[in-house]
Amino acid sequence: MHERRFLLSLAISTTPLFGGCQQPAGDDDGTATTGVASSSDDSGSQTTTTSVTPAEPLTTDGSSTSTATGTDTTGDAGATEASPEPAECEPGAQEDCAYSGPSGTAKVGACRPAVRTCDDIGRWGACKGEVLPRVEDCRTAYDEDCDGQVVCLGEPVWARDFGEPVGAAPGSAHAWAVTVDGAGQVWFAGKFASLQIGDHAWEHDNDFSLFFAQLDGHGEAGFAFADLDYGAAGSGEVLAAGPDGRIALGAINVGRLRVAAQAPSYVTGDADKGAIVGVFGPSGSYQWDRGMMPIGTGDLVIEALRFDGAGNLWAAGSFHGDSDIGTPGSPQILHNVGDSDALLIKMGPDGALEWVRTYGDQDMQEIHGMAVDAGGNIWLAGGFEGQMAFDGGALTAETNPGEGADMFVVKLDGAGKWQWGRVYGDEKMQVFTDLELDPSGNAVVLGRYNGTVHNLGVSSMTGEHRTVVKFAPDGDVRWAAHWPSDVYSELTSLAVDGAGQVVVAGRVAANAGAMTIAGQAVAAGKTDLGVLIKLDREGVPIWPARTHDALFTVAAGPLGEIYMAGGFVGKFTLGADETFVLDTKDDGHDAFVARLRP
């Protein structure tokens, strides 16, 4: 208390201070007119300073304000307290936070920005409740992907055709593979003789060579590569997108081919067929590749590529004749047992061979579809004769070698050990041709059969059919669709979106080819006819089969959007009212890519 009163006495006392405590003196109203202070220097003389200072009023609640320091003191203990900050908002008020989703989707359909609420002391709380676009579920009445459409109609959003460069003679190009990465970029690959994609223009001196390119989500061209080396011959056939944005390309080599400007060229014999697998970064930057070439006469074909969660790349297909899948100076020889043998390869993130498995005997065995589930298990599907021996299990075909084949689906663990397998067929031709997984770990496969198959969704089916089958993780058949067909028509491509919905592409053969799809008859005229249909997760059509004057493959995007890529001659239209009309305007064959809503 003495310290506080001494400070006050300096401000208001009229009595000289020599130490100790003094009560303030002044008028009855508490104001003082003068203040005098004396002090001595080292010589003993005194210095007197006189000032006039208005005294601050003394309050009756025990608090006072010092004009010398500008601080508030409270109570006899002299504790210091900061001034309260002004309120930011009215308690209970709410406002939208910044929206992090794609432009144009905020407050469309189910999408909403997060909201923050003002608390009881006028401070904004945390932003909560943001809803971003997600996969469109066509069984609901909600607009989950926030595109303004509630009903799934599969309308075209954009379409791009790619033909010969301006001024060049009519050429030829076809896209055989398409995939979409997690950022919504579209990757496609195929073969060409003359082609322009964006600012990239190529004319090749051979029959055809490989191209590989990327479009953004709006269809604008970005990265592109084509092999223009003398004698280059091949095609991009398979694509896969990884969880880290990397892209894997599988190519067929029928002479001399490379998959990037920085990559080596691989050479095969004139009558032979080899494969190249390459991996690229999200912008198309080359990372590594691996050539897989027959030794002498033979073929090696990669029909499926998949990344697993650890960044490993899996490849599956078949080979006929001994082949080398190693690197220069480090050969890795595969010995062919008989006809064609099935092949499964695991490569590390850097391209190193982790392990290789071949399956076969003296007869034909081929893998056409492969996928890796979230648990690292490997699914395989294809056709075979004779026997396929796995690590812990085996399959035996019922057909006579050389007369047909049986269809099979197998599930292995990540080390290649047997979990289960299924075989369907009789002495005629049956084969599964593609396989994709849904988000629940079920496998959807495409296939074809003649003769009789048993226990494939029904007790038995006989005759020429095309089929779509869903298998549960334990191998049980969840559902199967069986569509009567002529012998030449095919189901060619399959995609499964994040809601488990299935998109199927096919080809109805020219000259009276026909297929009955979910009760809908589709017939072709003088040229092959492309067909597209979408099924829900139970195999029920969402919209009926559509036909196009083009052949194509399909992929599903992150929100359930559908991508088509292929080739056409003449005029090709998309949309019920011909929303997009693509036209080669000559006798050439153009490649195309299109995006459809779910």
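FYI, the numbering just counts along the sequence from 1. Everything numeric here is computed off the predicted structure, so don't read it as measured data.
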Give, for atom [atom1] of [X] and atom [atom2] of [Y], the distance between the pair rounded to the nearest 0.5 Å.
| X | Y | atom1 | atom2 | value |
| --- | --- | --- | --- | --- |
| T452 | Q430 | OG1 | CD | 8.0 Å |
| L344 | L412 | CG | CG | 7.0 Å |
| D227 | K191 | CG | NZ | 15.0 Å |
| C152 | D145 | SG | CG | 7.5 Å |

Practice item. Using modelled atom types only, decide if a donor and an acceptor are shared between the side chain of K534 and the backbone of P598 within a distance under 3.5 Å. Key: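 The answer is yes, because a donor-acceptor pair under 3.5 Å joins these two groups.
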
**Asked** Is a side-chain N or O of T467 found less than 3.5 angstrom from the main chain of A481, in a donor-acceptor match?
**Response**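 Flag set: sc T467 to bb A481 pair under 3.5 Å.
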
Do you know which two heavy atoms are closest between [X] and [Y], and how far apart they sit?
| X | Y | answer |
| --- | --- | --- |
| A545 | V522 | CB-CG2, 4.4 Å |
| A591 | A175 | CB-N, 4.0 Å |
| M370 | I378 | CG-CG2, 4.1 Å |
| E436 | V496 | CB-CG2, 3.7 Å |
| D308 | W314 | OD2-NE1, 3.1 Å |
| L529 | A524 | CB-CB, 4.0 Å |

[X] and [Y] ion-paired at < 4.0 Å:
| X | Y | result |
| --- | --- | --- |
| D438 | R537 | no |
| E538 | K470 | no |
| K585 | E164 | no |
| E136 | R134 | no |

Determine the sole option in F572, W158, F188, F162 for which the ring pair (Phe, Tyr, Trp, His ring centres under 6.0 Å) test with F592 is passed.
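Option passing the ring pair (Phe, Tyr, Trp, His ring centres under 6.0 Å) with F592: F572.
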
**Report entry** Candidate list F225, W202, F223, test ring pair (Phe, Tyr, Trp, His ring centres under 6.0 Å), partner F212, passing option
**Finding:**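 Of all the options given, the one that passes is F223.
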
In terms of side-chain heavy atoms, does [X] have a donor or acceptor partner in [Y] at a distance below 3.5 Å?
| X | Y | answer |
| --- | --- | --- |
| N312 | E354 | no |
| E237 | S235 | yes |
| Q94 | T117 | yes |

**Message:** If you apply the rule side-chain contact (heavy atoms from CB on, under 4.5 Å), what do you find for M515 with E490, and how did you get there?
**Reply:** CA-CA 9 Å; M515 190 185 303; E490 300 285 353; 5.9 Å; no

Answer whether the closest heavy-atom distance between the side chains of [X] and [Y] falls below 4.5 Å.
| X | Y | answer |
| --- | --- | --- |
| D137 | Y142 | no |
| D161 | T584 | no |
| M292 | I302 | yes |
| Y99 | T105 | yes |
| N455 | V477 | no |
| F208 | S172 | no |

Quiz prompt | Evaluation steps, side-chain hydrogen bond (donor to acceptor under 3.5 Å, both in side chains), between S100 and E130 | solution = CA-CA 8 Å; S100 64; E130 183 177 58; 2.9 Å; yes

Is the positively charged end of R290 above the ring of W288, judged by distance under 6.0 angstrom from the centroid and angle within 45° of the axis?
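That pair does not qualify as a cation-pi contact.
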
- Excluding sequence neighbours, so at least two apart, what forms ring-ring contact (aromatic ring centres under 6.0 Å, His included) with H174?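 Listed in chain order: W176, H589.
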
**Prompt:** Checking side chain to side chain donor-acceptor pair (under 3.5 Å) against S493, which of T433, T553, D434 comes through?
**Reply:**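 Running side chain to side chain donor-acceptor pair (under 3.5 Å) over T433, T553, D434 with S493 returns exactly one hit, T553.
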
